[in-house]
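First up is the structure itself, then whatever we jot down about it.
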Amino acid sequence: MTAHVVTTHGHGSKRSLVIGSALSILLTAIPFWLVMTGALSSPGATIATIFVFDLVQIVVHVACFLHVDAKSEDGWTLLSFLFTAIIVVITIIGSVWVMYHMDANMMPT
């Protein structure tokens with residue numbers, strides 16, 4: 001007797017995987033080119049541009065490869081992903097804040 005397993009979540013189409021791969025390569029190559037050629041005049045502008053490209057690449061990976069959207073599993077996947085992201089951001093900001101204040105208050109001047 002064999003049982004058939006029915007899943008309600010999709011694994012994406014070949015088209016979304018190809019688009020995600022192309023965007024990922026492009027979003028990696030452009031910041032690499034910016035750093036290697038020194039196309040932007042200031043290091044701060046280069047860092048800010050790379051940060052923006054990184055954020056866009058995170059969205060591409062989540063949408064194209066992880067298939068997290070409001071439709072899958074009635075939105076619970078998206079809700080749990082957002083909760084995890086908020087906890088990670090709070091942890092990182094809190095850690096940086098604590099380290100900054102430890103450095104400012106503990107180091108001799």
Side-chain angles (χ1 to χ4, degrees):
M1 177 174 204
T2 59
H4 295 286
V5 177
V6 178
T7 58
T8 58
H9 60 280
H11 295 287
S13 64
K14 191 179 243 185
R15 180 177 181 264
S16 72
L17 293 176
V18 169
I19 289 172
S21 297
L23 285 173
S24 295
I25 291 169
L26 186 68
L27 292 169
T28 301
I30 292 172
F32 182 78
W33 174 79
L34 287 174
V35 170
M36 294 306 290
T37 62
L40 298 178
S41 59
S42 71
T46 304
I47 291 171
T49 304
I50 291 172
F51 185 72
V52 169
F53 275 95
D54 289 342
L55 292 177
V56 172
Q57 191 164 24
I58 289 171
V59 171
V60 167
H61 281 261
V62 167
C64 293
F65 301 124
L66 296 178
H67 311 295
V68 174
D69 58 2
K71 290 183 260 181
S72 63
E73 297 182 18
D74 295 327
W76 286 106
T77 306
L78 179 63
L79 187 64
S80 64
F81 179 80
L82 290 176
F83 177 74
T84 303
I86 290 169
I87 295 299
V88 167
V89 167
I90 289 171
T91 302
I92 291 172
I93 290 172
S95 297
V96 170
W97 179 69
V98 166
M99 288 186 283
Y100 171 77
H101 284 284
M102 291 279 292
D103 180 56
N105 294 323
M106 299 291 287
M107 298 302 293
T109 54

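Just so we're clear, the structure is a prediction, and the values are computed from it rather than from any experiment.
L26 places a side-chain heavy atom less than 4.5 Å from the side chain of I30.
In this structure, W97 is a member of the same hydrophobic cluster as M102, with clusters built from ILVMFWY side-chain heavy atoms closer than 4.5 Å. Under the 4.5 Å side-chain contact rule for hydrophobic residues, L78 and V62 share a cluster. Residue V56 is grouped with residue L23 when hydrophobic side chains (ILVMFWY) are merged at heavy-atom distances under 4.5 angstrom, including chains of intermediate members. Under the 4.5 Å side-chain heavy-atom criterion for grouping Ile, Leu, Val, Met, Phe, Trp and Tyr, I58 is connected to L82 within one hydrophobic cluster.
Annotation for V60 and S24: closest pair CG1-OG, 4.1 Å, computed over non-hydrogen atoms. Scanning both residues, S16 and H67, for their nearest heavy atoms gives OG-CE1, 4.3 Å. Between L27 and P31, the shortest heavy-atom distance links the atoms O-CD, 3.1 Å.
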Set out, in order, the CA-CA distance, both residues' side-chain angles and the distance that settles side chain to side chain contact (heavy atoms under 4.5 Å, CB included) for V59 and L55, then state yes or no. CA-CA 7 Å; V59 171; L55 292 177; 5.9 Å; no

Could you walk me through whether Q57 and T28 pass the side chain to side chain contact (heavy atoms under 4.5 Å, CB included) test, one step at a time? CA-CA 8 Å; Q57 191 164 24; T28 301; 3.1 Å; yes

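Note that CG of D69 is 8.0 Å distant from OG1 of T77, once rounded to the nearest 0.5 Å. Considering CG of L40 and CD1 of I47, their distance stands at 11.0 Å, rounded to 0.5 Å. For the atom pair T46 OG1 and L34 CG, the distance stands at 6.5 Å (nearest 0.5 Å). Between I87 atom CD1 and I90 atom CD1 the span is 5.0 Å, to the nearest 0.5 Å.
Counting heavy atoms of neighbouring residues, nucleotides and ligands inside a 6.0 Å radius, atom CZ of F65 exceeds 12 of them.
Under the 3.5 Å distance criterion, the side-chain polar atoms of S21 are matched with a main-chain donor or acceptor of L17. Between the N105 side chain and the H101 main chain, a donor and an acceptor come within less than 3.5 Å of each other.
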